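A short write-up of the structure that comes next.
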There are 2 protein chains.
Amino acid sequence: MSPARSRPGEPEFLHAYDPHAFPSFAVTVDLAIFTIRAGELAVLLVHRRDHPYRGYWALPGGFVRATESAMQAARRELAEEAGVTEFTGHLEQLQTYSDPGRDPRMRVVSIAHVALAPHLPEPVAGGDAAEARWWPVSSLHLEPAQTGDQPPRQAVAGEAGRLAFDHAQILADALERVRSKLEYTTLAASFIDEPFTLSDLRAVYAAVWGTAPDLANFRRKVLTTEDFVVQQRRSAAAAAGPAGGRPPLLYRRGNATMLHPPMLRLPP
Amino acid sequence: MSPARSRPGEPEFLHAYDPHAFPSFAVTVDLAIFTIRAGELAVLLVHRRDHPYRGYWALPGGFVRATESAMQAARRELAEEAGVTEFTGHLEQLQTYSDPGRDPRMRVVSIAHVALAPHLPEPVAGGDAAEARWWPVSSLHLEPAQTGDQPPRQAVAGEAGRLAFDHAQILADALERVRSKLEYTTLAASFIDEPFTLSDLRAVYAAVWGTAPDLANFRRKVLTTEDFVVQQRRSAAAAAGPAGGRPPLLYRRGNATMLHPPMLRLPP
DNA sequence: CCAATAGTGTCTGTAAGACAATATGGG
DNA sequence: CCCATATTGTCTTACAGACACTATTGG
């Protein structure tokens with residue numbers, strides 16, 4: 001659109017306008033990309049090869065370009081850093097982090113996003129050559145960081161150590177967003193490939209919440225929620241399964257997005 | 001904190017760093033400040049005296065300064081534009097709007113916020129001299145704008161007309177945020193001065209949702225939710241009331257923040 | 001027949017929806 | 001006493017929580 005043309009006097013104003021009259025910021029997007037690996041919730045981190053925070057693990061992300069929106073930048077980073085060509089999962093804005101001093105180089109505000117995707121490819125050698133890895137969320141010890149002001153955690157063998165910038169905070173917020181969204185949306189299905197079994201779907205809740213919802217009640221909730229999942233024609237026995245046991249029915253995602261009333265997680 | 005000192009090689013890197021290597025943005029905060037006036041949900045808009053969008057109504061807001069966070073900027077604008085000295089209400093970040101072209105001057109991302117406050121002062125002559133007014137949300141005709149792509153609404157006598165920038169979208173998102181937050185939080189109490197009656201509190205729900213929850217069920221929910229409200233010592237008859245009728249009990253806000261399970265609004 | 005996993009049935013408690021009844025103040 | 005508003009009570013229904021039971025495959 002070119003709305004300025006319809007507002008009298010504005011073109012002349014814009015012609016004379018000096019864009020340096022205001023403080024200048026860099027704007028980045030950072031992504032918390034979640035998936036389920038080996039029954040655990042995992043997040044993609046990249047190992048920083050450059051300053052600042054060289055050698056630290058960080059959320060993938062990058063600068064927003066002059067001609068793209070934050071959402072477009074997030075999709076671009078998703079492709080570049082996670083090697084996702086056509087993204088079928090879920091992507092949404094989380095929150096914007098703007099504390100002065102969060103980046104030692106200059107004033108940077110970061111528009112954080114959350115992505116959920118089924119079982120993405122391994123190390124993702126693509127991108128701009130930084131090492132990338134899936135980290136089980138449970139191995140990052142995020143929760144205790146919220147209690148009070150303990151000394152900053154140092155790197156520990158086999159773990160990611162402190163994250164770069166304020167990414168530990170962003171990741172904690174992203175986690176809480178995902179956990180709570182499973183309560184009142186159908187987003188859990190974004191974590192798995194189609195077709196899936198109800199056990200697969202329940203495993204998502206178990207991985208994200210750390211506690212599995214009651215089997216029977218879970219099935220009742222999912223199956224009685226209009227168009228949460230749609231059943232496929234009867235399946236052959238799942239080939240990859242651990243053999244024995246009754247073969248499960250297969251489902252695909254339905255068009256429902258909200259759960260009314262929500263499926264609440266309980267304290268473990 | 002000065003974390004750079006603890007990371008080897010980083011001080012030298014920062015010394016040589018050129019902050020102009022990345023696209024530069026202006027960053028603003030915009031505020032959707034809601035209150036209840038005459039039983040209706042109202043939002044504060046300012047009349048723009050300068051280009052761009054001169055003569056249009058807009059959400060109050062302004063540029064984030066070089067040394068403040070977005071939240072600090074929002075509090076500052078709240079004081080400057082709404083004349084609020086000590087703000088007792090609720091303020092939270094909504095979402096960030098970053099479409100290129102949303103501001104004809106230059107690349108601007110806006111970190112939108114939502115504020116809820118009890119019965120704020122009238123025209124708010126303060127601030128940088130722009131006219132400010134409370135507008136009943138119902139007079140802005142926001143909802144139909146979501147259905148399809150109709151031609152942009154023109155200014156109508158007695159109404160605010162089209163809003164500046166993408167503020168109609170921001171306001172619509174802010175509205176939905178507030179409406180849904182009343183369902184699962186105790187934020188409704190942020191809209192009214194203490195002490196208040198349960199009728200006052202119910203009137204908040206009626207104003208925000210457009211439909212009043214059932215009287216008896218509402219009281220049961222509020223009173224059985226631990227520490228949602230706390231009762232005061234018995235009141236003298238409310239002086240300002242419309243006379244007759246049984247005098248109500250008075251309450252203050254409790255410490256509870258969440259409603260479990262939520263109080264759902266129903267389709268009208 | 002046994003193991004293992006998938007799927008169903010049912011009882012119970014909590015709380016919401018609907019609506020009726022009672023309480024307490026001022027003319 | 002009448003009116004207006006506040007407050008309480010109760011019946012019904014929906015649904016989550018808990019847990020036991022049945023079904024269907026492979027060995």
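Naming convention: chains lettered A, B, ... in sequence-line order (proteins, then strands); numbering from 1 in each chain. Below, each value reflects all heavy atoms present in this structure, side chains not excepted, and no hydrogens, waters or symmetry copies. On a predicted model such as this, the values are computed, not experimentally measured, just so you know.
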Would you mind writing out the side-chain donor-acceptor pairs for residues 254-261 of chain B within the sub-3.5 Å range, not counting sequence neighbours?
none

* To do: Calculate the interatomic distance between Leu201(A) atom CG and dG7(C) atom P; express it in whole Å.
  => 12 Å
* Asked: Which residue, Asp214(B) or Arg219(A), contacts DNA chain C at a nucleotide closer to its 5' end, judged by nearest heavy atom?
  -> Arg219(A)
* Scan Leu264(B) against the nucleic acid and name what it touches under 4.0 Å (heavy atoms): base, sugar-phosphate only, or nothing. => nothing
* To do: Can you tell me the distance, in whole Å, between the CZ atom of Phe218(A) and the C1' atom of dA6(C)?
  => 13 Å
* Under 4.0 Å: is that the gap between some side-chain N or O of Arg246(A) and OP1 or OP2 of dG7(C)? -> no
* Asked: Which residue pairs satisfy the salt bridge (charged side-chain N to carboxylate O under 4.0 Å, His left out) criterion with at least one member in residues 186-209 of chain B, sequence neighbours excluded?
  -> Glu194(B)-Arg252(B), Glu194(B)-Arg253(B)
* Asked: Base, sugar-phosphate, or nothing for Thr224(A), non-hydrogen atoms under 4.0 angstrom?
  -> nothing
* Structure fact -> When rounded to whole Å, the CG to C1' distance for the pair Leu223(A) and dA16(D) reads 15 Å
Distances under 3.5 Å only, N/O to N/O: pair up the protein atoms with those of nucleotides 11-15 of chain D.
none

* To do: For Asp30(A) and Tyr97(A), test the side chains for any donor-to-acceptor distance below 3.5 angstrom and give the result as yes or no.
  => no
* **Nearest-nucleotide 5' precedence on DNA chain C, Leu215(B) against Pro262(B)** => Pro262(B)
* **Nearest-Å distance for atom pair CG/P, residues Leu198(B) and dA23(C)** => 19 Å
* Test side-chain hydrogen bond (donor to acceptor under 3.5 Å, both in side chains) applied to Ser98(B) - qualifying residues, sequence neighbours left out -> none
* To do: Kindly write out the residues that satisfy side-chain hydrogen bond (donor to acceptor under 3.5 Å, both in side chains) with Glu40(A), not counting sequence neighbours, or none if the list is empty.
  => Ser138(A)
* **side-chain hydrogen bond (donor to acceptor under 3.5 Å, both in side chains) against Lys221(A), all qualifying residues, sequence neighbours excluded** => none
* To do: Spell out yes or no: do the side chain of Asn217(A) and the base of dA18(D) have one donor N/O and one acceptor N/O closer than 3.5 Å?
  => yes
* Go through Thr211(A) and Tyr205(A) one step at a time and tell me if the side-chain contact (heavy atoms from CB on, under 4.5 Å) criterion holds. => CA-CA 7 Å; Thr211(A) 162; Tyr205(A) 283 88; over 6 Å; no
* Asked: Where each residue is assigned the nucleotide of DNA chain D containing its nearest heavy atom, which of Ala216(B) and Ser199(B) is assigned the position nearer the 5′ end?
  -> Ser199(B)
